[in-house]
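What you see is a predicted model, and the numbers here were worked out from it, not measured in a lab. Just so we're on the same page: letters track the sequence lines, and every chain starts at 1.
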Amino acid sequence: MSKLTRRKSMEYIKKEYVRTRTMPASWYLSSYKFKYNITHMEPMREKLKQKKLVGLQCSSCNRVFFPPRIVCGKCMVKPDRWVDLRETGRVATFTIAYIKDPETGEVQERPIVCAQLDGSDTSYPTQLNPDIEFKDTYVGMPIKVHWAENSEGGLMDIQYYDVTEDKAQDLELRKD
Amino acid sequence: MTEEKIVVANKGIIRAEFAFWVGQYMDKFYDALENKKIVGNKCPKCGDVFVPPRKICGKCNETIPLDQNWVDLPDTGILKNYTITYYKINDRASRKVKKPQIIGMVQIDGSSTSIVYRLLNIEPGEVKIGMKVKVNWEEATKGDPSDIKGFSKA
Amino acid sequence: MEKVAIVGYNQVKLYSDANYGRYEMIFEAVRGALDNAGLKKKDITTVVSATNDYYDGRTISNSLTVEPGGGYLADESKVEMDGAHAVLYGLMRVLSGNHKLAVVWGGSMASSYPAHTVHLYETDPTWERPITYVSDITSAGFQMRAYMEKYGISAEEIAKTAVKNRKNAVNNPLALAEAQNPNITLKDVLESDIYSDPVTELMVAQPCDGVAALLLAPEKQAKKITDNPVWITGVGLSQETYYLGDRDLSTSKSMELAGKMAFQAAGINDPNTQIDVAELYEAFAHEELIFIESLGIAEKGKGADLNAEIGGDFPVNPSGGALGGNPLCATGLIRIIEAVKQIRGEAKGYQVKNVNKAIASGQIGMCSQNNILYVLEGDN
Amino acid sequence: MGRQVCIASAGFSEHASKRSDVSMPELVSEAIKDCLKNAPSIEINDIDMFVNGNMPAFEGANIPELWMTDWMGARNKPLMRVTTGGTTGGSVAIAGYYSVASGLPGVDTVLAIAFEQQSQGDTATGLASVAYGEISVLNSLGIPYDQLTLLFSAGAAIGVASYQATNYMRKSKTTEEDLARVVVQNRHNAAKTWWAHLKMPNLTIEEVLDTPYISYPLRYGMVCPASDGACAMLFTTEEKAKDMCDIPVYVNGVGSIATETGILGYCGSGSGQLDPSEQLGAQKTSDVAFQQAGISFPRKEIDYAEVYSPFPNQELMWVEKLGLFEENTASEMYETGVTALNGELPINCSGGVNSTNAIGASAMERPAVAALQIMGKASNQVPETVHTSLGHGWGGYINLITMMVMADEPARKFK
């Protein structure tokens with residue numbers, strides 16, 4: 001894996017076009033106000049304060065959502081049943097992000113994983129323990145919640161996910 | 001509908017910038033504006049003259065070739081319509097202002113459409129449809145629509 | 001045209017700053033429409049939504065509304081115009097025989113986008129946008145003045161329409177509270193702040209938060225779902241040229257052509273006598289008069305003489321129209337819903353007597369550059 | 001209910017990274033002119049209705065069709081705008097199909113137009129604002145912004161594709177050579193397509209693998225360009241199509257099934273698409289479209305396919321998910337030349353989205369090229385006669401798919 005992300009343009013048959021003036025315009029997203037109702041997440045936030053995990057279950061298709069979802073699209077109903085979730089889970093999918101450290105300019109490769117808690121049917125993007133080598137990340141890797149010291153009832157109470165030992169026999173096979 | 005406070009996420013931060021290519025027809029128009037001249041182009045089939053110039057005449061769907069049918073036009077015209085507005089708008093927001101602005105639709109002499117510009121040094125009372133107006137040029141022109149500061153009484 | 005019916009509808013009450021999240025409002029609208037027709041999610045085969053990336057402040061504004069809009073594992077598409085245009089696409093999908101139930105929803109939240117700026121984005125970016133003289137505000141002033149000059153109409157006659165619609169909105173529980181005004185007078189309208197001379201604030205349909213939804217089904221299914229289906233017997237739309245300088249703003253060429261197309265399909269040759277009620281999307285009070293004249297319901301210049309009250313000879317916008325609340329991307333759809341209510345006799349508080357045929361319209365663009373008109377008929 | 005719909009012709013404008021010589025309406029008028037050139041018996045006045053779309057946030061113009069009316073010849077004509085993000089072109093083509101199939105009085109010939117001029121805008125911000133609102137919800141749930149920029153720093157389109165690549169490559173044991181081979185085949189095809197953007201006649205696998213990573217496992221050489229370009233398609237009834245062109249293309253199956261968003265759900269919820277390469281939407285859409293077209297074994301019955309693959313791993317994934325090849329065998333098919341121009345099942349002979357990506361137009365260019373291949377008028381024409389073909393589109397937040405199945409004879413439904 002090359003350390004530096006340098007652009008290397010590849011030649012192609014290019015045609016030149018007359019260059020005409022341009023008229024400036026802009027789209028100010030700062031003039032917008034996004035409105036969301038996340039009051040349905042209050043029970044989860046209370047539980048996070050006590051370092052407990054709960055998911056919201058749709059009573060008609062039994063899918064469990066973590067973080068909670070306001071409407072279950074499959075059944076067009078608002079899920080209303082809270083279900084306890086364990087602190088273990090798996091990596092549903094991941095990608096490697098290239099983070100350029102502003103001071104040193106050195107490029108750091110960090111895995112970003114979509115973590116799926118055991119008992120939940122959805123995954124959400126989060127981080128692994130910083131000292132896990134990105135080469136060791138693989139799909140299906142078992143992970144465990146690493147709680148932040150003080151929890152204020154937000155998703156950041158789960159600081160990151162540690163990796164637990166994978167007892168599966170075909171472990172070597174599954175790593176690419 | 002729940003009574004509790006709705007989370008109003010904070011405002012968007014990123015801003016998207018755009019730069020619209022004007023095309024070769026408008027490029028010629030802005031070159032002319034830069035020398036304080038107004039040009040339009042003429043549809044070979046129906047004879048309509050367009051300010052600003054267009055590649056295709058909407059009435060007869062006729063393509064007007066880039067290198068033909070250009071027409072030099074005077075910088076005088078007739079006021080066809082006007083409105084007095086108290087709003088200022090830009091790409092970011094719109095607000096109401098105390099001082100109104102008169103905006104007019106001016107048909108340049110010799111053209112068959114009209115363009116929308118503000119009217120300068122004219123009192124709201126004096127404005128009448130059909131009155132003669134002429135271009136009030138910026139001193140330093142840049143080759144864009146703001147070269148025409150506005151229209152004032154001819 | 002083969003028979004397709006509107007079998008269910010629902011509209012969320014309009015607010016200027018709704019205490020709703022965006023997805024919650026969409027869900028409530030679509031869920032309500034399904035309940036109104038007694039149907040479930042699995043009956044839906046296709047969903048057509050009407051949202052606009054610039055009104056929602058995000059790109060691909062329909063990718064995240066798939067679930068609340070009932071589009072999960074359904075054939076989904078989005079029309080980025082008025083809700084009435086989305087109903088056209090829903091109608092096409094049902095007429096094609098591929099779909100047995102189409103959900104059409106549309107809406108936006110005026111409390112989240114910068115007013116007027118989003119319409120400046122619709123102007124010609126190579127010429128008009130940098131100097132910002134053309135906008136939805138100034139174009140309204142040009143349109144009203146052109147109409148008044150051409151036919152010698154006074155501002156009072158136009159203000160009468162604003163008074164009528166705002167009074168009608170009072171007995172429409174879903175209308176915008178700020179737009180309802182039981183004892184509004186001509187003077188109030190004429191002396192309200194100037195929006196863009198000669199248009200004043202109370203002549204303008206105020207954008208607000210709102211989402212609405214309706215269901216379309218072919219004849220066989222429609223008769224099973226409801227014993228009071230409202231048939232779409234005619235639809236027509238047309239788009240004028242863009243530059244204001246090329247257009248005759250005293251009339252609406254697009255509404256005239258849309259009317260011709262829709263009336264021909266529905267077999268209507270004299271709308272004034274054959275149509276019982278009209279729900280038109282009038283972004284400004286003067287547009288209602290221009291539309292009635294362009295549709296041939298009144299002679300040119302004589303729109304104001306027509307008695308358009310609820311008890312009058314040709315009621316227009318008994319629900320208060322867009323002046324009763326104008327949620328972009330939903331207003332045209334709401335006009336169709338109000339026309340359906342009139343035909344089904346469910347317009348409590350503003351019901352016009354024995355309505356069998358109604359027309360409803362939607363529009364988009366400066367000075368209603370693109371108009372769409374529906375002819376709706378009941379069974380009786 | 002409904003009637004048989006045919007494609008009479010399709011046209012393109014030249015694609016390039018900066019079409020600085022034309023404004024947006026002029027770019028669209030180029031594509032319309034090319035489309036009508038292929039059907040000499042009609043001209044712009046015979047068009048009964050216009051259907052068009054682009055990805056608005058990339059150009060900064062809201063509903064540009066209102067401004068472009070005259071350039072399209074749409075003055076005083078019905079016009080409807082359909083946009084669904086990445087699949088806009090496909091949705092516009094499907095809207096063109098439904099406009100004719102519905103049999104509305106007076107609507108027999110419909111011109112569908114899709115376009116994009118990305119050099120005017122800034123693609124990254126355009127894509128970032130897809131989920132910007134949702135990211136601000138996560139912020140309201142306590143995740144600070146610097147953490148969020150890290151989580152979403154992989155860049156919207158590329159990031160999304162790299163998630164798919166991770167899962168797909170693990171299952172199918174695809175190597176980076178396989179990805180580079182797909183890129184090389186696409187770019188060689190693009191060199192023979194007059195309107196394509198990245199024409200690289202003698203690109204080699206080593207050259208592609210020599211470029212640095214943008215987002216594992218995708219290298220800079222494998223990624224699609226951002227192009228300016230437009231595409232137009234002419235839909236009409238069977239009878240009218242017969243006198244517009246010698247081989248009318250029958251549209252026999254259309255589908256655009258939407259599923260849950262990937263990676264991040266709406267309103268701060270998680271995503272139910274646990275494995276982004278599973279693509280439930282693609283499987284459902286192809287089922288619907290194939291069933292309408294009466295095709296039960298795509299591998300044998302489809303002669304030509306254009307799939308929407310800005311990134312090479314997606315091409316391998318799509319051809320499997322759409323039922324053209326068995327699971328995990330796609331890279332073999334590319335290796336053994338099954339998908340080459342003279343192969344058994346040629347794929348993306350126009351160079352595909354990997355060589356030309358005007359996002360608004362891309363999803364329409366797929367069915368457009370697939371139709372031209374049947375008509376024998378494609379710029380990189382397959383030697384074997386093509387009887388059936390499909391054009392596929394992907395977009396949204398990994399949750400929107402469009403699909404059009406075509407043939408040179410009507411499906412059983414209307415026979």
Side-chain angles (χ1 to χ4, degrees), chain A residues 1-2 4-15 17-20 22 25-27 29 32 34 36-38 41 45 63 65-70 73 92-99 109-110 112 114 116 120-127 134 138-139 152-157 174 176, chain D residues 14 16 18-23 57 60-61 120 129 132-133 136-138 140-144 147 150-154 159 162-163 166-167 169-170 173 187 191 197-201 203 207-208 210-216 220-221 260 263-272 274-276:
Chain A
M1 306 270 183
S2 76
L4 288 171
T5 314
R6 51 172 168 66
R7 287 278 174 278
K8 177 172 175 305
S9 66
M10 297 172 9
E11 294 72 29
Y12 65 96
I13 302 171
K14 218 180 263 186
K15 181 178 173 193
Y17 292 97
V18 170
R19 192 178 175 80
T20 62
T22 61
S26 44
W27 178 28
L29 282 162
Y32 286 82
F34 302 113
Y36 294 94
N37 177 0
I38 51 170
M41 300 221 184
R45 303 181 78 159
R63 284 195 304 169
F65 303 105
F66 180 86
R69 187 173 292 179
I70 191 166
T93 180
F94 72 96
T95 186
I96 311 292
Y98 293 79
I99 316 300
E109 277 124 342
R110 292 273 294 279
I112 300 174
C114 284
Q116 177 199 0
S120 153
D121 295 306
T122 59
S123 65
Y124 76 103
T126 181
Q127 274 203 53
F134 72 90
Y138 60 92
V139 173
E152 302 106 7
L155 280 175
M156 268 321 281
D157 297 350
R174 284 221 315 270
D176 42 299
Chain D
E14 281 175 11
K18 283 191 175 51
R19 282 301 307 270
S20 53
D21 56 329
V22 281
S23 65
Q120 291 181 158
S129 79
Y132 185 77
S136 62
V137 172
L138 289 181
S140 318
L141 284 175
I143 303 182
Q147 169 87 337
L150 168 72
L151 286 180
F152 294 94
S153 67
S162 52
Y163 281 113
T166 329
N167 282 57
M169 289 174 74
R170 185 179 69 76
K173 295 292 164 276
R187 304 268 164 97
H197 180 183
L198 295 182
K199 301 183 175 77
M200 297 181 181
L203 178 69
E207 258 176 271
V208 176
D210 180 30
T211 56
Y213 280 107
I214 274 193
S215 174
Y216 177 82
Y220 177 75
E260 275 181 275
I263 312 298
L264 183 68
Y266 68 100
C267 199
S269 69
S271 151
L274 297 174
D275 167 7

Heavy-atom contact with chain D under 4.5 Å, split by part of A:Glu152: neither
In terms of heavy-atom pairs under 4.5 Å with chain D, the winner among A:Ile70, A:Leu155, A:Thr126 is A:Leu155
I'd like to verify something: which residue of A:Gly73, A:Pro125, A:Gly154, A:Ala25 has the highest number of heavy-atom pairs under 4.5 Å with chain D? A:Pro125
Which residue out of A:Trp27, A:Tyr124, A:Tyr12 racks up the most heavy-atom pairs below 4.5 Å with chain D? A:Tyr12
Between A:Tyr32 and A:Phe34, how do the two ring planes meet: parallel, tilted or perpendicular, split at 30° and 60°? parallel
So what's closer than 4.5 Å to chain A heavy atoms on D:Gln120: side chain, backbone, both or neither? neither
Pairs of heavy atoms under 4.5 Å with chain D: top-ranked of A:Met156, A:Lys14, A:Gln116, A:Arg19: A:Met156
Please tell me if the side chains of D:Met200 and D:Glu207 come closer than 4.5 Å, counting only heavy atoms from C-beta onward. no
In terms of heavy-atom pairs under 4.5 Å, which option from D:Gly270, D:Pro276, D:Gly142 contacts chain A the most? D:Gly270
Heaviest contributor of heavy-atom pairs below 4.5 Å to chain A, chosen from D:Ala61, D:Gly265, D:Gly268, is D:Gly268
Against chain D, work out which of A:Lys15, A:Glu11, A:Arg110 has the most heavy-atom pairs shorter than 4.5 Å and name it. A:Lys15
Any side-chain heavy-atom pair from D:Asp21 and D:Glu14 closer than 4.5 angstrom? no
Among A:Ser120, A:Ser26, A:Gly153, A:Cys114, which has the most heavy-atom pairs under 4.5 Å with chain D? A:Cys114
If you round to the nearest 0.5 Å, how far is CD1 of A:Ile96 from CD1 of A:Ile112? 8.5 Å
Would you say the side-chain atoms of D:Thr166 pair up with the backbone N or O of A:Thr93, donor to acceptor, closer than 3.5 Å? no
I'd like to check the salt bridge (charged side-chain N to carboxylate O under 4.0 Å, His left out) partners of D:Asp275; sequence neighbours left out, ordered by chain and number. D:Lys171
When rounded to the nearest 0.5 angstrom, what is the spacing between CZ in D:Arg187 and CG in D:Leu203? 7.0 Å
